[in-house]
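Lettering of chains follows the sequences in order, A, B, ..., and the numbering in each one begins at 1. Keep in mind that this is a model prediction, so the values were computed, not measured.
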Amino acid sequence: MKIATWNVNSVNARLETVLKWFQEASPDVACLQEIKCVDEKFPTEAFESLGYNVAVHGQKTYNGVALLSKSPLEDVRKGLPGDDSDEQARYIEAVISGPRPVRVAGIYLPNGNPVGTDKFAYKLAWMQRLNDHAKGLLALEEPLVVAGDYNVIPEASDCENPAAWADDALFQPQSRAAFRALKWLGLTDAFLQADGAPHSYTFWDYQAGAWQRNNGIRIDHALLSPQAADLLRGCEIHRDVRGWDKPSDHVPLVVDLDI
DNA sequence: ATGGTAGACCTTCTA
C-alpha cells in the first residue's frame, strides 16, 4: 500500500500537475496540504474519477488539508484536538478500511516564522497538541502513519546550508526538540528507516534559484507507529516533480507498506 | 547583496 504526502500549494492552481502525478504514481492513499480552498471549491470529482474517496478539511485562502483513498475512509476526524479556538485547517485523520486497516493522519504543521512572535508560539503549542494526540493514537497499538508538511528540518544534514536556516523557525532548537519528542513516543521516520541518504530534500524555495542550486530542505515527513514500521517496504521522495511545469515548492513523499 | 517567487485576493499576508 502506497501512502503519499504532498504539500501542493493550492490544489486548484496546481490541478493539472497534481492529477498528472496521481495518474503516474497512483498512490493508494494521499495526504494533501495547503489546498488553499474551502471544502466546496475542492476538485472532488476530478479525484473521484481517478477512483479516490475524498475527505476535505478546507479553509479560505490559507492552509487546508485533504485525505484521498482508493479504499473507503472511516472514522474521519477534522481538526487537531486540544484547542477549540484554533480555526486553522491543518489536520485530518481517518482509518483506511481493508483486511489490515491503517490509520492515516495528514498534517500541515505551522511554519512559525518569524521566531519570537505569536506565530512561533502557535507552532510550538500545535506540536505539543500533536504530541498529546499521537500518544492516544499510539495506545491503540494499530498501524498508524502521521504524514505531512512538518515544517521542521530535523538535522543539519537535512539541508544544504545550515547557517542560512539558523534564525528560521523550521530549524530552531525548540522546533527540532519537539520533533524529536514525537519520535521518542515510539514513532519511526519512514524515510530515514528505508533510505536515509543525507541531503535528500522535499522542498526547494521558489526564490533565488533554490531548485537549480539544490538549495533544499527535508521538511515533509512520515512517522510510523511500531505496527506500521513493521510493515515498511520503502519510502521515496519524488524529486523530479519539482522540475515539472508549474511545480509546487514541495514534492511528494511516498511510503510503501506491506499491506 | 536583506534581494528573490508564488498564490489568494483586493492591499497585503503567508510561505
If you look at every heavy atom in A:Ser225 and A:Leu187, which pair is closest and at what distance? N-CD2, 3.7 Å
Using a 3.5 Å distance criterion without hydrogens, assess whether the side chain of A:Arg77 forms a donor-acceptor pair with backbone atoms of A:Glu93. no
Quick one: does A:Glu34's side chain get under 4.5 Å of A:Asn63's, heavy atoms only? no
Going by heavy atoms in the side chains, are A:Cys31 and A:Ile92 under 4.5 Å from each other? no
For atom [atom1], what is the distance between [N] and [M], given to the nearest Å?
N      : M      : atom1 : answer
B:dG4  : B:dA15 : C1'   : 13 Å
B:dT14 : B:dC9  : P     : 14 Å
B:dT5  : B:dC10 : P     : 24 Å

With sequence neighbours left out, the residues meeting ring-ring contact (aromatic ring centres under 6.0 Å, His included) with A:Phe47 are A:Phe22, A:Phe42
Tell me whether A:Leu68 shares a hydrophobic cluster with A:Met1, the cluster being built from Ile, Leu, Val, Met, Phe, Trp, Tyr side chains joined at under 4.5 Å. no
Could you encode protein contacts along nucleotides 7-15 of chain B as a string, one character per nucleotide from 5' to 3', using B for base contact, S for sugar-phosphate-only contact and - for no contact, with a heavy-atom cut-off of under 4.0 Å? SSS---BSS
Rounded to whole angstroms, how far apart are CD on A:Gln212 and P on B:dG4? 16 Å
